[in-house]
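I have placed the structure first, in the form of structure tokens, so that the comments after it can refer back to it.
Each residue takes its place number in the sequence, starting with 1.
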Amino acid sequence: MLLFIGSFDFFTLTEKLLWSLAVVSTILLLILGTMSFFGYDIDQEHKKPQKWPWLDEKSILLFFAFFGWSSILAHLWEESIGLVIIYGIPIGLLAAFAPQLFNYLKSGQKQPLLPKSNFNLEETLTSTGEVLQYIPPHIKGRGKVHLNLRNAPYQINAVSQNGELPAGVPVRVVAIMDDQTIIVEPIDGRPPHAAK
């Protein structure tokens with residue numbers, strides 16, 4: 001904003017709003033990206049399941065940043081504010097949903113929850129691992145854990161009988177709930193190891 005403070009007074013109200021929206025959302029997006037880069041990711045730490053998991057801070061900021069900048073560009077050749085918004089909204093939505101689409105496509109390439117052949121779920125009883133997806137407390141929902149079985153990584157559905165388990169917590173398998181779900185508990189400060 002400071003770079004354009006002299007010419008900012010000559011902008012129309014629409015241009016001022018678009019520039020303010022684009023600059024502020026871009027700065028906030030850069031701050032959020034820097035925090036994630038240095039290991040503080042508010043999307044992953046202690047995150048509980050949301051009603052709309054695609055509606056997070058990054059998606060909102062991406063929408064407003066791309067909507068703002070694309071609307072500014074559209075306003076250079078189009079005076080009608082209605083058309084400018086019509087140009088900006090699809091680009092903003094595309095930018096907002098691109099990370100979720102990428103994650104969805106990437107998760108489709110991951111290993112299946114359990115190996116299909118010659119696998120006995122009771123083998124998990126001697127294993128430890130790490131929480132991949134938040135596990136609610138008191139068997140109120142399922143999450144996912146990453147176990148090393150037969151020296152190969154596997155994702156398995158898991159529940160907790162006691163407290164909640166955020167992503168990254170080391171856990172041990174204590175029981176089998178059904179043919180696709182295990183019961184886990186946290187390991188206090190000990191790293192996960194592979195089952196023999």
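Both V131 and L125 belong to a single network of hydrophobic side chains, linked directly or stepwise wherever heavy atoms of I, L, V, M, F, W or Y lie under 4.5 Å apart. In the hydrophobic clustering of this structure, I91 does not group with L94; members are Ile, Leu, Val, Met, Phe, Trp, Tyr whose side-chain heavy atoms approach within less than 4.5 Å, directly or through other members. No path of Ile, Leu, Val, Met, Phe, Trp and Tyr side chains, each step under 4.5 Å between heavy atoms, connects I72 with L83, placing them in separate hydrophobic clusters. Residues L30 and L21 do not share a hydrophobic cluster, clusters being chains of Ile/Leu/Val/Met/Phe/Trp/Tyr side chains in contact below 4.5 Å. Under a hydrophobic-cluster definition in which Ile, Leu, Val, Met, Phe, Trp and Tyr are linked whenever side-chain heavy atoms come within less than 4.5 Å, directly or via other members, I156 and V174 are assigned to different clusters.
Considering every non-hydrogen atom in both P186 and R172, the closest pair reads O-NH1, 4.1 Å. The heavy-atom pair separating L32 from E57 by the smallest distance is CD2-CB, 4.1 Å. When all heavy atoms are compared, the tightest approach of A65 to T26 is CB-OG1, 3.8 Å. Scanning all heavy atoms of the two residues, the minimum distance from S71 to V84 falls at O-CG1, 3.3 Å. The nearest pair of heavy atoms linking S160 to L165 is CB-CD1, 3.9 Å. Across all non-hydrogen atoms, the minimal contact from W69 to V23 is CH2-CG2, 4.1 Å.
Between I176 and E122, some side-chain heavy-atom pair lies under the 4.5 Å cut-off. Using a 4.5 Å cut-off on side-chain heavy atoms (C-beta onward), V169 and I135 make no contact. When side chains are defined from C-beta on, I183 does not count as touching V173, because their heavy atoms never get closer than 4.5 Å.
The distance from the CZ atom of F67 to the CD1 atom of I89 is 5.5 Å, given to the nearest 0.5 Å. Of the inter-residue distances, the one linking T128 atom OG1 with I187 atom CD1 reads 4.5 Å to the nearest 0.5 angstrom. Atom CD1 of I81 sits about 9.0 Å away from atom CD of E15, to the nearest 0.5 Å. S59 OG to L93 CG: the interatomic distance, rounded to the nearest 0.5 Å, is 10.5 Å. Rounded to the nearest 0.5 Å, atoms CD1 (I85) and OG (S80) are 8.5 Å apart. A distance of 8.5 Å separates CD1 of I182 from CG of N157, quoted to the nearest 0.5 Å.
Remark: the backbone N or O of Q155 is not paired with any side-chain donor or acceptor of H146 at under 3.5 angstrom. In this structure, S20 contributes its side chain and L17 its backbone to no donor-acceptor pair below 3.5 Å. Although no hydrogens or angles enter the test, the distance criterion places no donor-acceptor pair under 3.5 Å between the side chain of T181 and the main chain of M177. Between the side chain of S25 and the backbone N or O of A22, at least one donor-acceptor pair lies under 3.5 Å.
More than 12 heavy atoms of other residues, nucleotides or ligands lie within 6.0 Å of CZ in F63, so this atom counts as buried by the packing criterion.
With 3.5 Å as the limit, one finds no donor-acceptor pair spanning the side chains of Y87 and E78.
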